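What you see is a predicted model, and the numbers here were worked out from it, not measured in a lab. Numbers here are sequence positions counted from 1. Just the heavy atoms: all of them, side chains too, but no hydrogens, waters or symmetry mates, feed the values below.
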Amino acid sequence: MEAQAQGLLETEPLQGRDDDAVASADFSSMLSEEEKEELKAELVQLEDEITTLRQVLSAKERHLVEIKQKLGMNLMNELKQNFSKSWHDMQTSTAYKKTHETLSHAGQKATAAFSNVGTAISKKFGDMRRK
């Protein structure tokens, strides 16, 4: 008997299909008229509170924009600051420094190689003119 009673008193939170079952259940027939009226009044109160909170949030967002404008902060400035900080952080990273070093070295070698090729080609053209 205790095992059966335990099933009615589960302490685990509702799971997937339990949520669906509760959401689709019609409890209105189980409520008295007084309970229905109380719930309707609570619903109206909650809706009013949500509306008020939205209005307060909107006012605070406008105030935030005003403060940012007074401080000279705008979207473009914020983007520039974020970009500058990110660029600086990247340039000071070990990976960037190693890559920069490697590419600089490779660039120097490539420049030297092109210079040698250019010299060799010039020499060949010079030799061809003499003949």
Side-chain angles (χ1 to χ4, degrees):
M1 174 78 179
E2 191 174 297
Q4 289 175 340
Q6 185 65 26
L8 296 175
L9 302 173
E10 289 183 17
T11 57
E12 296 298 314
L14 295 176
Q15 302 296 320
R17 29 170 233 262
D18 295 332
D19 287 339
D20 294 339
V22 170
S24 64
D26 181 16
F27 293 107
S28 61
S29 61
M30 297 169 56
L31 300 173
S32 68
E33 285 304 315
E34 183 180 332
E35 289 172 322
K36 286 180 186 178
E37 291 304 317
E38 286 175 12
L39 287 174
K40 286 179 183 177
E42 185 178 351
L43 180 65
V44 168
Q45 182 184 357
L46 285 171
E47 288 172 342
D48 288 345
E49 288 174 5
I50 289 170
T51 301
T52 302
L53 288 170
R54 285 186 177 138
Q55 291 169 347
V56 169
L57 178 61
S58 179
K60 288 190 178 283
E61 287 174 335
R62 282 192 303 275
H63 187 61
L64 174 76
V65 168
E66 290 170 6
I67 290 172
K68 283 184 174 185
Q69 286 174 342
K70 287 178 183 176
L71 292 172
M73 297 169 65
N74 60 29
L75 181 60
M76 198 59 165
N77 286 342
E78 287 184 45
L79 288 173
K80 285 179 187 176
Q81 288 173 352
N82 289 342
F83 180 76
S84 293
K85 183 183 182 319
S86 298
W87 181 250
H88 178 266
D89 291 348
M90 186 190 70
Q91 285 181 317
T92 56
S93 71
T94 306
Y96 178 84
K97 288 178 182 175
K98 286 181 181 178
T99 302
H100 184 267
E101 238 175 67
T102 302
L103 291 176
S104 286
H105 187 66
Q108 290 169 356
K109 286 191 172 198
T111 300
F114 285 130
S115 177
N116 290 340
V117 168
T119 302
I121 291 172
S122 295
K123 200 177 213 184
K124 285 287 183 185
F125 281 135
D127 290 347
M128 289 171 55
R129 275 195 221 161
R130 290 186 195 138
K131 289 186 180 183

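E35 and M30 make their closest contact through OE1-O, 4.3 Å (heavy atoms, listed as atom of the first residue, atom of the second, distance).
Between I50 and E47, the closest side-chain pair of non-hydrogen atoms is not below 4.5 Å. Residues V44 and D48 have side chains in contact (heavy-atom distance under 4.5 Å, counting atoms from C-beta outward). The side-chain heavy atoms of L57 and E61, taken from C-beta on, include a pair separated by under 4.5 Å.
By the 6.0 Å contact criterion, CD on E34 is open, its count of non-hydrogen atoms from other residues, nucleotides or ligands being 12 or less. At most 12 heavy atoms of other shown residues, nucleotides or ligands fall within 6.0 angstrom of atom CE in M76.
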Derivation of the side chain to side chain contact (heavy atoms under 4.5 Å, CB included) call for L39 and E42: CA-CA 5 Å; L39 287 174; E42 185 178 351; 4.0 Å; yes
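Clustering ILVMFWY residues whenever any of their side-chain heavy atoms sit less than 4.5 angstrom apart, transitively, puts F83 in a cluster other than the one holding M90. Both V117 and F125 belong to a common hydrophobic cluster when Ile, Leu, Val, Met, Phe, Trp and Tyr are linked at side-chain heavy-atom distances under 4.5 angstrom.
Here the NZ atom belonging to K60 is positioned 9.5 Å from the CD1 atom belonging to I67, to the nearest 0.5 angstrom. The CG atom of L46 sits 10.5 Å away from atom OG1 of T51, with the distance rounded to the nearest 0.5 Å. To the nearest 0.5 Å, the span separating OG on S86 from CD on Q81 amounts to 11.5 Å. With rounding to the nearest 0.5 Å, the separation of CG in L31 from CD in E37 is 11.0 Å.
Under a 3.5 Å cut-off, the side chain of S58 and the backbone N or O of Q55 do not form any donor-acceptor pair. A donor-acceptor contact shorter than 3.5 Å links the side chain of S104 to the backbone of H100.
A salt bridge does not link E101 to K98: none of the charged nitrogens lies less than 4.0 Å from a carboxylate oxygen.
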